[in-house]
Amino acid sequence: MSASSAPQPVKLSLPLVYQQKLFEELRKEDELVILARGLGLMRLITNLLHSYDAAGNNLIVVVNADDRENAWIGEALAEHAATSMSPKARGLTVVNTDFTSVGTREKMYVQGGIFSITSRILVVDLLTNILNPETITGMIVLHADRIVATSLEAFILRIYRQKNKVGFLKAFSDNPDSFTVGFSPLATMMRNMFLRKASLWPRFHVQVAQSLEGKKKAEVIELEVPMTDSMREIQTAIMECVEISIHELKKENTGLEMEDWNLDSALTRNFDRMVRRQLEPNWHRVSWKTKQIAGDLTVLRGMLQSILALDAVSFLQQLDTIHAAHKPAPGTTRQTESPWLFSDAAQTIFETARQRVYSSKQKAGPNSTIESLKPVLEEQPKWAVLADVLEEIDRDLYFEPAVRDDSNGTILIMCADTDTCRQLRDYLQTMHTRPRTAKKVEEVYDPEEDKPSGAFLMRRKLRNYLNWKREFAQVNATLFSENQKALSGAVDPRLPQARGRGGAPANKRRRVRGGGGGVGSNPSRHENGSIVQHFEKPNEVADLMSEIQINEDDAGGQAAEEIITFATADPLEDMDDYYQLYDMQDLVVIHAYEGDQDEHVLEEVKPKYIIMYEPDASFIRRVEVYRSSHNDRNVRVYFLYYGGSVEEQRYLSSVRREKDAFTKLIRERASMSIVMTTDSHGVEDPESAFLRTINTRIAGGGKLAKATAQPPRVVVDVREFRSSLPSLLHGRSMVIVPCMLTVGDYILSPNICVERKSVSDLISSFKDGRLYAQCETMFQHYRNPMLLIEFDQNKSFTLEPFADLSGSLRSVNPENAGANDLQSKIVLLTLAFPKLRIIWSSSPYETAEIFERLKALEEEPDPVAAVRAGLGEGESPEDGVNEGKGAVNGGSTFNMEAQEMLGKVPGVTPKNIRNITAEAENVREVANMEVEELGRLVGREAAGKIVEFFRKDVLEDYSG
């Protein structure tokens with residue numbers, strides 16, 4: 001379809017100059033837009049889509065949008081259509097479920113409009129010509145930073161560009177970091193998307209700066225909150241543990257590139273993933289200690305965030321769970337713990353965290369050895385600052401009535417996550433509630449009593465923590481006793497044996513002069529040097545509970561009175577006495593950062609005061625855009641951060657990293673060469689372009705397919721489009737025919753059928769016995785069945801990482817050695833099917849090359865025959881192939897997730913699953929069927945297995 005020639009009046013909501021400039025650029029030409037995060041990317045996209053939607057007679061496809069973005073685009077297009085009063089606007093149609101049948105989709109595409117289609121459905125529709133690429137007006141691609149050469153989205157764009165040279169193509173991203181990794185990353189990414197122009201819009205762009213730094217700037221008050229001494233001490237100790245872990249990693253793995261393995265990089269959000277990515281190719285060679293440290297880095301970096309975000313009691317509770325999780329599992333013979341738990345810094349972390357919650361002192365008496373615990377309950381420093389800010393806002397509203405404007409006067413508090421939102425909600429609700437003490441209160445006014453405090457909240461949290469700790473100690477004691485029993489009867493052949501029954505223990509110094517019973521001089525450590533988990537004694541807990549129980553009883557009584565009052569009233573009588581609508585100016589809204597959704601929050605709440613409880617660079621820009629876009633809305637922003645903290649460092653490094661990324665992109669764009677081809681859109685001959693651009697391991701692009709009268713064809717199961725292999729086969733000039741196959745995943749010829757398994761899928765197929773059934777059906781219908789075991793190209797090409805190296809007693813016992821080993825199961829499979837060919841492939845690239853060689857002297861497969869294989873009597877191939885198109889599911893619907901789930905149920909086979917799906921509407925209906933009903937569909941024996949599976953009592957089965 002082509003755009004309507006008659007210009008349509010369109011009203012846009014792009015008030016800022018840089019937004020209008022960018023919109024004009026996008027209307028003129030195809031380009032990749034990389035916009036700094038927070039500058040209104042979704043607003044730009046919705047306005048662009050509305051301009052095409054209002055014109056009518058267009059077919060626009062939105063690629064790579066998630067559910068939340070679909071909801072935003074749909075709502076924005078509806079608002080724009082109502083504002084512009086566009087009669088031809090149709091809004092957004094989302095095709096993101098497998099319930100939409102082929103016929104319905106085909107009719108929708110013919111009518112035109114704007115469609116957001118999931119990549120799996122879109123690629124099948126394009127290959128089968130249900131959606132003719134030549135009829136598409138244009139494509140809008142979101143999250144362009146995720147489109148790598150082997151992704152499904154790059155496959156879609158290649159099909160589109162090969163068959164449609166006229167339609168537009170525009171890609172968007174707000175993540176510049178992804179375009180700076182590798183050699184010539186910007187040029188490579190643009191080549192993947194068949195674009196020739198990149199438009200970069202950082203925050204320091206001249207037009208962006210002029211738009212946001214004019215007269216309408218928001219008033220910003222920066223508040224540096226000092227951390228308490230104990231918080232700073234814990235943060236320093238955690239940083240020391242991170243440094244120790246990084247040092248151990250470097251020492252264990254000398255052959256890797258470790259330039260970025262330092263403390264500064266450890267503060268970035270994806271540091272642990274970066275370390276894991278570098279270790280993965282050699283994962284089978286690295287020591288068990290290295291794997292453990294890689295996991296510890298994630299835990300330690302989480303603790304750095306928790307010390308600032310969680311209150312003292314919650315942080316101590318998290319430390320208890322971390323300490324318990326790092327203990328050896330029950331029944332294991334491995335006693336090694338994480339290296340950081342042996343350091344002095346770890347002891348500082350645990351002891352200081354306890355001292356923030358309660359302190360211990362010896363009871364009065366000359367011979368008393370019992371310690372009593374007194375609550376300390378250190379509050380978060382930001383709580384008091386937040387209360388002061390709210391009090392300042394109240395004073396301003398009272399003494400200096402604000403000039404009436406379009407804002408609602410609401411106070412908006414922005415946090416990092418929902419847990420922090422709940423914490424602040426509880427604090428604001430209880431900060432003026434005073435815990436009652438047992439002492440009589442004198443009739444003297446104390447101004448300190450009126451100050452906001454979190455004492456009430458912290459006492460309640462401490463009581464809950466002590467109750468939790470009591471139960472936790474019982475569970476821990478049970479697990480420890482099981483562990484000791486297992487260890488006493490276990491002998492690990494990997495460990496050196498004792499010299500004799502009377503052999504001397506490793507540590508001979510057992511006597512301690514002075515009658516001390518501790519280990520060495522430090523009673524808080526095990527014999528091996530690791531920290532002993534602290535559990536309070538019952539009498540200590542009783543003293544501590546008595547300190548806080550009085551207040552909680554009073555609070556509980558007050559809550560009970562309120563509950564009784566509401567319970568005795570009819571909820572439908574006198575509703576006005578109990579329910580009312582608050583004025584927006586009386587509200588304090590607490591919200592978590594949610595990316596682009598924050599723009600919606602600002603527009604809907606229209607706050608006059610914004611308190612950023614935690615720093616976020618993108619939200620600051622959203623406030624700038626919001627204030628600059630509205631002349632009649634005044635905004636005051638309070639920016640809170642802990643001085644000298646990881647929080648401050650992380651914020652500054654994120655801003656610096658984004659600036660550096662844009663600087664690199666600007667330099668690369670300035671020196672980037674333009675690929676000159678016969679096609680203005682950059683699409684070369686499909687026979688030679690694709691692999692040469694993405695796979696540099698094949699010199700010169702590899703051997704090209706021989707020119708024949710008929711291009712090579714591969715029948716592919718529609719479920720296989722989750723992998724990158726169909727895209728690579730298409731890049732080797734093969735015609736991909738997607739079908740719903742019952743037997744095999746890839747049909748290369750009338751004789752060759754291939755079942756593809758990734759290693760994880762192979763393991764699960766062995767567990768449920770699915771692979772044996774698949775091999776049987778392949779041998780029934782094909783002369784040369786093959787099992788393809790495909791590895792990830794970024795990981796090691798070996799089965800060692802998937803072997804049973806857990807250190808459990810079962811794996812150590814020589815009698816059970818190899819019982820669960822993957823290699824032994826493959827041997828058993830070859831014994832059961834001696835003629836089965838097994839193909840080992842190191843990557844999808846290698847698989848594509850193997851398929852090309854296998855097809856060299858073979859005839860082309862017949863899609864109808866491939867679909868008919870495995871079907872029962874009376875079933876026609878049209879159930880899986882739409883004649884004339886090779887489409888998926890000719891006239892019926894298909895829900896791949898439900899069918900795959902049903903296929904794993906005992907008794908369900910590839911043959912009888914079609915009878916079940918034709919009769920039952922969903923899985924729940926199958927689960928509720930009786931044996932007689934299922935027997936008519938699948939046979940009596942299979943029906944019994946299915947009913948037994950769904951009626952099995954999980955708890956009884958587990959306990960038995």
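Quick note: numbers below take in every heavy atom, side chains included, and nothing from hydrogens, waters or symmetry partners. Here, residue 1 is the first one in the sequence, and each next residue gets the next number.
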Visitor: Let me know which of Arg657, Lys664, Lys659 forms a salt bridge (Lys or Arg N to Asp or Glu O under 4.0 Å) with Asp177.
Guide: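 Passing option: Arg657.
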Visitor: Hey, which of Lys197, Lys165, Arg161 is the one that makes salt bridge (Lys or Arg N to Asp or Glu O under 4.0 Å) with Asp30?
Guide: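 Answer after filtering Lys197, Lys165, Arg161: Arg161.
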Visitor: Could you check whether the rings of Phe155 and Phe721 sit parallel, tilted or perpendicular, using 30° and 60° as the cut-offs?
Guide: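 Rings of Phe155 and Phe721: parallel, under 30°.
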Visitor: For Ser645 and Gln235, does a side-chain donor sit closer than 3.5 Å to a side-chain acceptor?
Guide: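 No, Gln235 and Ser645 have no side-chain donor paired with an acceptor closer than 3.5 Å.
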Visitor: Go through the side-chain N and O atoms of Arg667 and Thr663 and say whether any donor and acceptor fall under 3.5 Å apart.
Guide: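 Side-chain D/A pair, Arg667 to Thr663: absent.
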Visitor: In terms of side-chain geometry, is the basic nitrogen of Arg621 or Glu599 positioned less than 4.0 Å from the acidic oxygen of its partner?
Guide: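 Here Arg621 does not pair with Glu599 in a salt bridge, since their nearest N and O are not under 4.0 Å apart.
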Visitor: Could you check if a side-chain atom of Gln305 sits within less than 4.5 angstrom of a side-chain atom of Arg650, using non-hydrogen atoms only?
Guide: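 Contact flag for Gln305/Arg650 side chains = yes.
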Visitor: Considering only NZ, NE, NH1 and NH2 on the basic side and carboxylate oxygens on the acidic side, decide whether Glu31 and Lys170 come within less than 4.0 Å.
Guide: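 A salt bridge is absent here (no side-chain N lies under 4.0 Å from a carboxylate O).
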Visitor: Between Ser727 and Arg158, do the side chains contain a donor N or O and an acceptor N or O under 3.5 Å apart?
Guide: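 The answer is yes; a qualifying pair exists.
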Visitor: For the pair Ile293 and Trp340, evaluate side-chain contact (heavy atoms from CB on, under 4.5 Å) and give the outcome as yes or no after the intermediate values.
Guide: CA-CA 9 Å; Ile293 295 173; Trp340 68 274; over 6 Å; no
Visitor: Please work out which of the three classes, parallel, tilted or perpendicular, describes the rings of Tyr641 and Phe639, given edges at 30° and 60°.
Guide: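 Rings of Phe639 and Tyr641: tilted, 30 to 60°.
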Visitor: Just by distance, no angles: are the side chains of Ser841 and Glu790 close enough, under 3.5 Å, to form a donor-acceptor pair?
Guide: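 No pair is found: no donor N or O on one side chain lies under 3.5 Å from an acceptor on the other.
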Visitor: State, without any angle test, whether Asp296 and Ser245 hold a side-chain donor-acceptor pair at a distance under 3.5 Å.
Guide: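 Their side chains do not contain a donor-acceptor pair, so the 3.5 Å distance test is not met.
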Visitor: Atom CD of Glu594 and atom CE of Met414: how far apart are they, to the nearest 0.5 Å?
Guide: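 Result: 8.0 Å between the selected atoms.
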Visitor: With distance as the sole test, does Asn70 use its side chain to make a donor-acceptor pair with the main-chain N or O of Val94 at under 3.5 Å?
Guide: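 No, because the side chain of Asn70 does not come within donor-acceptor range (under 3.5 Å) of the backbone of Val94.
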Visitor: One pair to check against ring pair (Phe, Tyr, Trp, His ring centres under 6.0 Å): Tyr593 and Tyr613. What are the steps and the verdict?
Guide: CA-CA 11 Å; Tyr593 295 123; Tyr613 189 76; over 10 Å; no
Visitor: Measure the CD-CZ distance between Glu29 and Arg196 for me, rounded to the nearest 0.5 Å.
Guide: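 So the CD of Glu29 and the CZ of Arg196 are separated by 11.0 Å.
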Visitor: Pick from Glu224, Glu614, Glu647: which one makes a salt bridge (Lys or Arg N to Asp or Glu O under 4.0 Å) with Lys382?
Guide: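 It is Glu647; the other options fail the test.
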Visitor: Find the distance between CD1 (Ile73) and NE2 (His50) and round it off to the nearest 0.5 Å.
Guide: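 That separation rounds to 14.0 Å.
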Visitor: Could you tell me whether the side chains of Asp616 and Ser618 share a donor-acceptor contact shorter than 3.5 Å?
Guide: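 Checked: Asp616/Ser618 side chains pair up, N/O donor to acceptor below 3.5 Å.
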Visitor: Does a donor on one side chain sit under 3.5 Å from an acceptor on the other, for Ser758 and Asp761?
Guide: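 No donor-acceptor contact under 3.5 Å links the two side chains.
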Visitor: With under 30° as parallel and over 60° as perpendicular, where do the rings of Tyr52 and Phe168 fit, or are they tilted in between?
Guide: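 If you compare the ring of Tyr52 with that of Phe168, the planes turn out parallel.
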Visitor: Please check if any side-chain donor atom of Glu69 sits under 3.5 Å from a side-chain acceptor atom of His143, or the reverse.
Guide: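 Their side chains do contain a donor-acceptor pair, which is all the 3.5 Å distance test asks for.
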Visitor: Working note: Ser51 + Arg27, criterion side-chain hydrogen bond (donor to acceptor under 3.5 Å, both in side chains); need CA distance, chi angles, decisive distance, verdict.
Guide: CA-CA 9 Å; Ser51 67; Arg27 287 290 298 186; 3.1 Å; yes
Visitor: Okay, side chain of Ser723, backbone of Glu720: is any donor-acceptor separation there less than 3.5 Å?
Guide: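 At least one qualifying donor-acceptor pair exists.
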